[in-house]
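Everything on this sheet refers to the single structure shown next.
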2 protein chains.
Amino acid sequence: MATRKPSPDPSVEQIDTGFLDSLVGYNARRATLVIVDAFLRNMAVYGLRPVDFSVLSLIGHNPGITSRQLCATLNLQPPNLVGMVNQLQTRELILRRPHPHDGRAMGLHLTPAGKKMMKQAEVTAFELEETATARLSVAERKTLMQLLRKIYV
Amino acid sequence: MATRKPSPDPSVEQIDTGFLDSLVGYNARRATLVIVDAFLRNMAVYGLRPVDFSVLSLIGHNPGITSRQLCATLNLQPPNLVGMVNQLQTRELILRRPHPHDGRAMGLHLTPAGKKMMKQAEVTAFELEETATARLSVAERKTLMQLLRKIYV
DNA sequence: TATTGTTATACTCTATAACTATA
DNA sequence: TATAGTTATAGAGTATAACAATA
């Protein structure tokens with residue numbers, strides 16, 4: 001009986017990502033990483049990571065918000081927020097004031113320096129997003145956000 | 001001169017997330033986390049995290065793909081892939097064969113058991129996504145992925 | 001000289017248990 | 001008894017430097 005020489009193991013030239021491309025989660029994750037990367041580069045001048053920016057932005061638009069409320073809104077674990085808030089306070093971007101009617105809690109506020117920085121940082125964040133999503137029209141960008149919100153709201 | 005009693009520090013009832021909601025990155029990240037969470041719960045039965053699933057899916061659709069090619073496609077660091085590939089091999093889901101014309105590289109392949117499991121796992125992944133994005137119509141789901149790809153491709 | 005796969009390692013991110021003080 | 005904030009800590013995720021074998 002003749003033994004057939006095993007067919008050579010071909011190398012992969014073009015990589016087929018077809019199945020992964022059909023998953024919303026895969027596409028959302030890849031797009032998120034691109035924008036986060038742009039964010040890290042453009043916001044480094046302010047010394048802000050995405051989470052710091054989110055925290056400061058929420059404090060700015062909700063003076064007196066508590067740590068618990070920040071955690072619930074941003075889906076953070078309370079122990080992981082402690083260090084961030086301490087650092088932002090050390091940098092004199094925020095301050096803690098006693099909560100009006102809950103002795104356990106502290107209301108968080110931006111300092112004047114924090115307000116000034118965030119005014120600029122929010123402009124930078126918006127511009128960086130426009131650059132990262134430059135291939136989308138204004139209408140497409142709006143549609144994209146509406147569709148994304150249908151998933152997580 | 002009369003001193004005015006400082007106005008009471010009001011507590012925040014309704015949290016304004018308006019600015020963050022206007023950022024594609026924030027919305028993409030929140031949506032991604034929801035889908036990843038659903039993925040972790042539904043794929044736990046296979047013992048697969050998103051990255052394991054992506055690796056196995058690419059190997060399945062690209063028999064003989066190398067570690068380097070996996071890293072480039074999935075944006076992974078080579079040292080972080082070593083442990084994953086070793087584990088998948090220990091679980092007898094994949095095997096390494098010499099690369100046809102590069103003595104440094106190894107071609108990765110699914111074992112019969114790996115193929116059998118991935119056939120089921122890909123169905124589960126697709127179904128879980130449909131559930132997680134149930135508020136989107138088929139057309140909306142397609143539009144969403146097209147828009148996301150415009151950001152990262 | 002450059003590349004594949006690897007080891008060792010460090011840094012970040014995220015999660016849990018348990019404590020204190022207040023409600 | 002429950003909640004806000006905190007401490008300590010563990011695990012997962014991600015990144016870099018450096019090496020041996022091969023191109």
Side-chain angles (χ1 to χ4, degrees), chain A residues 9 11-12 15 25 29-30 32-34 36-37 39-41 43-44 47-55 59 62 64-90 94-109, chain B residues 9 11-12 15 29-30 32-34 36-37 39-41 43-44 47-55 59 64-90 94-109:
Chain A
D9 198 7
S11 61
V12 178
I15 296 170
R29 180 149 198 278
R30 295 298 297 263
T32 300
L33 289 176
V34 165
V36 166
D37 189 63
F39 192 99
L40 291 172
R41 280 184 281 105
M43 303 298 277
L48 296 180
R49 300 163 304 161
V51 65
D52 302 312
F53 177 84
S54 299
V55 165
I59 296 173
N62 303 272
I65 193 172
T66 67
S67 290
R68 264 306 144 154
Q69 289 177 308
L70 282 175
C71 286
T73 306
L74 295 174
N75 209 22
L76 301 173
Q77 301 304 315
N80 298 332
L81 185 63
V82 175
M84 300 180 209
V85 166
N86 283 339
Q87 269 194 297
L88 295 174
Q89 192 176 26
T90 301
I94 66 171
L95 50 85
R96 292 181 235 228
R97 289 225 288 266
H99 191 278
H101 47 266
D102 188 338
R104 300 167 299 182
M106 299 292 282
L108 302 174
H109 302 259
Chain B
D9 198 6
S11 61
V12 178
I15 296 170
R29 179 148 200 277
R30 295 299 297 263
T32 300
L33 289 176
V34 166
V36 166
D37 189 62
F39 192 99
L40 290 173
R41 280 184 282 107
M43 302 297 278
L48 297 180
R49 301 163 302 162
V51 65
D52 303 312
F53 177 83
S54 299
V55 166
I59 295 173
I65 193 172
T66 67
S67 290
R68 267 301 147 160
Q69 289 176 308
L70 282 174
C71 286
T73 305
L74 295 174
N75 209 20
L76 300 172
Q77 300 305 315
N80 298 333
L81 186 63
V82 175
M84 300 180 209
V85 167
N86 284 339
Q87 268 195 298
L88 295 174
Q89 192 177 26
T90 301
I94 66 171
L95 49 85
R96 291 181 236 230
R97 290 224 288 265
H99 191 277
H101 47 267
D102 188 337
R104 300 167 300 181
M106 299 292 282
L108 302 174
H109 301 259

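All values derive from a computational prediction rather than experimental measurement. Below, all heavy atoms of this structure are taken into account, side chains as well, without hydrogens, waters or symmetry copies.
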Selected nucleotide, minimal atom distance to A:Val82 side chain, candidates D:dT6, D:dA4, C:dG5: D:dT6
Proximity to the side chain of B:Pro79 - top-ranked nucleotide from C:dT4, D:dG5, D:dT16: D:dT16
Nearest-angstrom distance from the residue atom CG of B:Leu76 to P of D:dG13: 12 Å
Check: D:dA4 base within 3.5 Å donor-acceptor of A:Asp102 side chain: no
Euclidean distance, atom CG of residue B:Leu108 to atom P of C:dT4 [Å, nearest integer]: 13 Å
A:Arg49 CZ - C:dT12 C1' separation (whole Å): 9 Å
Euclidean distance, A:Leu81 CG relative to A:Ser67 OG, rounded to 0.5 Å: 5.0 Å
Among B:Leu88, B:Ile94, B:Leu48, side chain to side chain contact (heavy atoms under 4.5 Å, CB included) partner for B:Val55: B:Leu88
OP1 or OP2 of D:dT6 under 4.0 Å from side-chain N/O of A:Arg96: yes
Nearest-Å distance for atom pair CE/C1', residues A:Met106 and C:dT20: 15 Å
Any side-chain heavy-atom pair of A:Thr66 and A:Cys71 under 4.5 Å: no
Euclidean distance, atom CD of residue B:Gln77 to atom P of D:dA17 [Å, nearest integer]: 11 Å
Length of the CG-P vector between A:Leu81 and C:dT14, whole Å: 12 Å
Pairwise 5' ranking along DNA chain D for A:Leu33 and A:Ala105, keeping only the more 5' one: A:Ala105
Length of the CG-C1' vector between B:Asn80 and C:dC13, whole Å: 14 Å
Over 12 non-hydrogen atoms of neighbours within 6.0 angstrom of CZ in B:Arg29: no
Atom-to-atom span, CD of A:Gln69 to P of D:dA4 - whole angstrom: 9 Å
Base C:dT3 to side chain B:Arg104, donor-acceptor N/O within 3.5 Å cut-off: yes
Donor-acceptor contact below 3.5 Å, side chain B:Gln69 vs main chain A:Ile15: no
Comparing B:Val51 and B:Gly103 on DNA chain D - which has the more 5′ nearest nucleotide: B:Val51
